[in-house]
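Remarks on the structure that follows.
A quick note: this is a predicted structure, and the numbers were derived from the prediction, not measured. Chain letters run A, B, ... following the sequence lines, proteins first, then strands; residues in each count from 1.
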Number of protein chains: 2
Amino acid sequence: MTIASQSIEIADIQSAAARIAGHAHVTPVLQSRTINALAGADLHFKCENFQRVGAFKFRGACNAVWSLPEALTSHGVVTHSSGNHGAALALAASTRGIPAHVIVPQGAVRSKVEAIRAYGATVHRCAANIAAREETAEAVRLQTGANLVHPYADVRVIAGQGTAAMELIAESGPLDVLIAPVGGGGLISGCAIAAAALAPDCKVIAAEPAGAADTFESLQRGSRVGPFVPDTICDGLRTLIGAINFEILRKHGVEVLTVDDDETVAAMRLIWQRMKIIVEPSAAIVLAAVMKQRDRFSGLRVGLILSGGNVDLDALPWSSSSTPTQQEAVA
Amino acid sequence: MTIASQSIEIADIQSAAARIAGHAHVTPVLQSRTINALAGADLHFKCENFQRVGAFKFRGACNAVWSLPEALTSHGVVTHSSGNHGAALALAASTRGIPAHVIVPQGAVRSKVEAIRAYGATVHRCAANIAAREETAEAVRLQTGANLVHPYADVRVIAGQGTAAMELIAESGPLDVLIAPVGGGGLISGCAIAAAALAPDCKVIAAEPAGAADTFESLQRGSRVGPFVPDTICDGLRTLIGAINFEILRKHGVEVLTVDDDETVAAMRLIWQRMKIIVEPSAAIVLAAVMKQRDRFSGLRVGLILSGGNVDLDALPWSSSSTPTQQEAVA
């Protein structure tokens, strides 16, 4: 079963939706009058920060776990991830009661590793480089017989992430534009497939940090650029786009808008203040893309996937003498 | 029309709900598996942080504005408030297209005053003491003929706030306990009336800061205590309970649980981290009350009113070099 032999259709996303129902949340779509007024557009925010494990990643992981033939379940699943995908796969495996192995590089955030263990997964440590991660994952796979669930270059994962766009379109009705962030490309490629089938007039746009704009460059030149050193606070978007993900974006004519970190931080602040929800920089980048080109989106119905809400709140001043109190009002 | 001559029935709350429909949001009720597990109870959070102006206050203000006989509307409404009620009344008046006058003491937070003006209200400044506020409001009332809408000691306001509990009970079904914060008592007294009629077996509890526990003391001794100097970060709860509000709490046997600020901050942090929503300390106090007496609430279905989400986010480190990035995972 190679990637090249596989294509993903809307039926795969619909099957994924049925498979993850009862495990994943159908997250709410929120609107803000104030932000609509500031943007001059009709913005529909799909709140994956409210998804289990705090990010859309649970959708794809859950679909992969529940796609496994029963005969293979006893060997469990394996992945390498220092981010949300590891926690998502660990939790997804626990919903089916099967083993999960997560390869975590040295130096990963301790609370994240603890979360993966708390969901019942076995954590395997490796050196902090991509070669070590892949080698360790392969070794664990051979030892255990576990099924590899790649964070984004996996058709089951892509189909699962596409359910976010499917739900958004079902709830918000016809959209002129759909915007999602791009890192490895699991979310945006699933969204592109869903939109093409369910809202064919909807333009699909990927928001990418200017400091990690490999997808933008790859689409420009028509082939994937090589490894690069990312420079962005959007820690979920530092990954090189996957091969299958790149092909899906090309096929569906997805456009990439690059955004500077300062613009992303301003958008994140606006969302916290006005919508009273916590989103991470990698999520806020979609609003930053709209605010950067207000004229282009003026008057349009725009769907935006707020991909997650996992920020390190330990950095905030949590004490009764320093905690910020009431000030901003919203309408 | 004196307070003593007035009583509030469930019909008043139902009328208020009809009156504010289309202006106020029916806010969502959220649950968190993680917080349920930590609390050992089934917690239903009514998210008034998502209400317009970021707090439940809009309900009461809106009901008062839309209760005015048509003949009185041209003179508008007046109140004194340095907090959310001023902004709420200003916005409510704008929904009916009538004038609003808000008396704001010197030293009030600038962004709050700007918000009141942005909603179209006329701001009148006065000295920063309660006598000056009441005198100035009375002078404006006599000059303009505007109708006084007190922040909490007003039957229209109480009935409006009660719609929050009505919606929560309608959505969540039978509750064993309903908890709301108490400051001036507009919210908790409206909730007590709603619960008595709609969920008569539901125990109603007020959460009050230990550093502003006048309601607790007043109920203990059977009469309202006098003015005091509050010492709490819960800036929405520093007010002395109103006379009519106190009588309603007595009549309905509402119990007060006092909470230390450190407990409130811990609860606020938990809500931000696990629910990905922003609530202010005056809201988080309801969860702190549960966590303080876990044994008592163990296994119960508890409704909690998260009263608002207006915190001063300017105090946070908003720059692309210092903004916190991804860490915590939630289930």
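- Annotation: maximal heavy-atom pairing with chain B below 4.5 Å, among A:Val279, A:Ile278, A:Asp260, occurs at A:Ile278.
- No more than 12 heavy atoms of other residues, nucleotides or ligands lie within 6.0 Å of CG in A:Asp231, so this atom counts as exposed by the packing criterion.
- Using a distance-only test at 3.5 Å, with no hydrogens or angles considered, no donor-acceptor pair links the side chain of B:Lys276 to the main chain of A:Asn49.
- When all heavy atoms of A:Arg33 and B:His23 are compared, the closest pair comes out as NH2-O, 4.2 Å.
- Using the six-membered ring where Trp is involved, A:Phe50 and B:Phe50 have ring planes that are tilted, between 30° and 60° apart.
- Atom CE of B:Met268 is separated from atom CG of A:Leu313 by 10.0 Å, given to the nearest 0.5 angstrom.
- Here the CD-CG distance, from A:Gln273 to B:Asp312, works out to 8.5 Å after rounding to the nearest 0.5 Å.
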